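Right, one structure below, let's go through it.
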Amino acid sequence: MELLRAENVTKKYITKKALVNLSVTIEEGKIYGLLGPNGCGKTTFMKMMAGLIQPSNGTIEINGNKIGTKTKEIVSFMPTSNYLPKWMKIKQCIGYFHDLFEDFDIKKANDMIVFMGLKEDQKVKSLSTGMLGRLKLSLALSRNAKLFVLDEPFNGIDPISREKTIEVILNACNEENTIIISSHLVKELERILDEVIFMDQGNVIVTGNAEDIRTEKGMSIDEVYREVYANA
């Protein structure tokens with residue numbers, strides 16, 4: 001079933017266009033890889049899904065609703081930046097999310113924090129880049145959202161922790177929700193992807209089922225990525 005539809009979406013800034021007539025459809029129950037080099041428009045598109053910015057032209061609908069209050073209630077967004085107050089302890093971050101989002105599951109969050117090797121009395125300011133990433137992911141995935149939008153969830157995370165990260169992402173996916181992940185670590189990510197969306201210069205250049213693309217090209221998604229962006 002269709003969960004998100006973007007039609008002719010353009011985002012203009014003063015000196016450039018971040019998105020240019022972007023159109024794509026995203027379905028329920030799948031994990032999507034949103035792939036492309038820096039500056040191709042991935043983060044702008046993700047922020048748009050999260051309702052943080054609006055299109056200059058075109059429309060995005062999620063679950064039949066245009067971007068706004070209703071869509072924010074069902075979209076869980078993990079940005080690359082740190083939005084958590086540095087003075088907070090992890091247990092306070094959990095309480096903060098519980099106050100903000102009606103669909104936040106405290107038990108799920110506590111279980112995920114333990115699985116990720118974090119402790120509730122640790123302060124945000126004491127966390128390494130990788131630990132902070134694991135905390136942000138745990139908080140984002142502890143919502144019972146329809147659409148999870150994860151911007152570079154592997155940033156600063158060591159290879160062993162990446163396995164845990166992939167496991168919690170897989171556990172969060174079910175037939176009634178969708179997960180969209182942007183990452184430069186395509187080789188590690190591709191084994192969990194159902195669909196891929198390649199972006200360049202603010203638009204979608206390739207999209208489709210990951211297995212179909214592998215079969216058609218006779219290459220891994222990582223190899224396809226390297227071929228598509230060889231001159232980027």
Side-chain angles (χ1 to χ4, degrees), residues 1-9 18-46 48-49 60 62 75-78 80 133-134 137 140-141 145-232:
M1 183 179 294
E2 181 180 294
L3 178 61
L4 180 149
R5 176 178 290 272
E7 294 186 336
N8 300 316
V9 173
L19 299 177
V20 184
N21 295 325
L22 180 149
S23 295
V24 71
T25 300
I26 289 169
E27 299 179 347
E28 284 184 350
K30 295 183 178 182
I31 299 177
Y32 284 76
L34 187 63
L35 309 175
N38 290 333
C40 73
K42 301 189 305 293
T43 296
T44 297
F45 187 32
M46 287 184 141
M48 216 168 270
M49 295 182 220
I60 298 180
I62 299 176
V75 177
S76 181
F77 178 48
M78 175 191 159
T80 54
R134 299 202 299 271
L137 182 65
L141 293 180
K146 289 282 289 182
L147 178 60
F148 295 94
V149 181
L150 312 176
D151 196 358
E152 296 289 349
F154 302 125
N155 267 7
I157 295 179
D158 62 85
I160 294 174
S161 296
R162 282 179 208 153
E163 288 300 315
K164 287 190 171 185
T165 299
I166 286 172
E167 186 172 341
V168 297
I169 290 172
L170 279 172
N171 288 339
C173 188
N174 59 55
E175 293 181 355
E176 297 180 352
N177 66 28
T178 294
I179 299 176
I180 300 175
I181 309 168
S182 77
S183 178
H184 292 98
L185 299 173
V186 181
K187 188 173 183 179
E188 288 89 340
L189 179 65
E190 74 163 277
R191 62 189 169 91
I192 69 169
L193 297 180
D194 299 303
E195 305 280 332
V196 292
I197 301 169
F198 289 90
M199 290 185 63
D200 194 28
Q201 297 182 18
N203 210 333
V204 173
I205 56 171
V206 178
T207 183
N209 177 269
E211 189 57 39
D212 289 347
I213 291 174
R214 278 190 284 261
T215 301
E216 179 185 337
K217 296 281 190 180
M219 294 187 286
S220 68
I221 298 300
D222 181 56
E223 289 170 330
V224 174
Y225 181 96
R226 293 173 188 276
E227 180 182 80
V228 170
Y229 301 112
N231 298 317

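The residues of the chain are indexed from 1 along the displayed sequence. Worth saying up front: this structure is predicted, and the values here are computed from it rather than measured.
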Next on the checklist: A side-chain contact here means heavy atoms from C-beta on lying under 4.5 Å apart; do H184 and N38 qualify?
Outcome noted: yes
Next on the checklist: Has K42 got a side-chain atom pairing as donor or acceptor with G36's backbone, closer than 3.5 angstrom?
Outcome noted: yes
Next on the checklist: Give me the atom names and distance for the closest heavy-atom approach of S23 to V204.
Outcome noted: O-CG2, 4.2 Å
Checklist outcome for this item: Sequence neighbours excluded, the answer for side-chain hydrogen bond (donor to acceptor under 3.5 Å, both in side chains) partners of Q201 is none
Item to check | Trace of the side-chain contact (heavy atoms from CB on, under 4.5 Å) decision for I180 with I197 | outcome: CA-CA 10 Å; I180 300 175; I197 301 169; 5.9 Å; no
Checklist entry - To the nearest 0.5 Å, how far apart are CD in E163 and CD1 in I157? => result 11.5 Å
Next on the checklist: Less than 4.5 Å apart, side chain to side chain, heavy atoms only: is that true for F45 and V9?
Outcome noted: no
Item to check | Closest non-hydrogen atom pair between G29 and D194, with its separation | outcome: O-OD2, 4.4 Å
Next on the checklist: I'd like to check I181 versus P153 (side-chain heavy atoms, cut-off strictly below 4.5 Å). Are they in contact?
Outcome noted: yes
Checklist outcome for this item: So CD1 of I169 and CG of L150: to nearest 0.5 Å the spacing works out to 5.5 Å
Item to check | Distance in Å, E28 CD paired with E176 CD, rounded so as to fall on 0.5 Å steps | outcome: 7.0 Å
Checklist entry - Can you tell me how far the CE atom of M78 sits from the CG atom of N155, to the nearest 0.5 Å? => result 7.5 Å
Checklist entry - Heavy-atom distance under 4.5 Å between the side chains of L137 and F154, does that happen here? => result no
Checklist entry - Where is the tightest heavy-atom contact between Y229 and M199, given as atom of each residue plus distance? => result OH-O, 2.7 Å
Next on the checklist: So that I can tick it off, tell me whether E223 and R214 are bridged by a salt bridge, with the cut-off set at under 4.0 angstrom between side-chain N and carboxylate O.
Outcome noted: no
Checklist entry - Excluding sequence neighbours, so at least two apart, what forms ring-ring contact (aromatic ring centres under 6.0 Å, His included) with F148? => result none
Checklist entry - Under a 4.0 Å N-O cut-off, is there an ion pair linking E167 with R134? => result no
Checklist entry - Side chain of S76, backbone of A140: donor and acceptor closer than 3.5 Å? => result yes
Checklist entry - Any donor-acceptor pair under 3.5 Å linking the side chain of D222 with the backbone of Y225? => result no
Next on the checklist: Which heavy atom of L35 sits nearest to which heavy atom of S183, and what is that distance?
Outcome noted: CD2-O, 3.8 Å
Next on the checklist: Main chain of T80, side chain of E152: is a donor-acceptor contact present, judged purely on distance under 3.5 Å?
Outcome noted: no
Item to check | Heavy atoms from other residues, nucleotides or ligands near CD of E211 exceed 12 (cutoff 6.0 Å) | outcome: yes
Checklist entry - With distance as the sole test, does T207 use its side chain to make a donor-acceptor pair with the main-chain N or O of V196 at under 3.5 Å? => result yes
Checklist entry - What is the minimum heavy-atom distance between L22 and N203, and which atoms define it? => result CA-OD1, 3.6 Å
Item to check | Test item: T178 side-chain N/O and E27 main-chain N/O as donor-acceptor pair under 3.5 Å | outcome: yes
Next on the checklist: Would M46 and F77 count as a side-chain contact (heavy atoms from CB on, under 4.5 Å) here? Give the steps.
Outcome noted: CA-CA 8 Å; M46 287 184 141; F77 178 48; 4.0 Å; yes
Checklist entry - Between atom CD1 of I166 and atom CG of L185, what is the distance when rounded to the nearest 0.5 Å? => result 9.0 Å
Next on the checklist: I need the I26 CD1 to E2 CD distance, nearest 0.5 Å.
Outcome noted: 9.5 Å
Checklist outcome for this item: Heavy-atom closest pair (I31 atom, C173 atom, distance to 0.1 Å) is CG1-SG, 3.7 Å
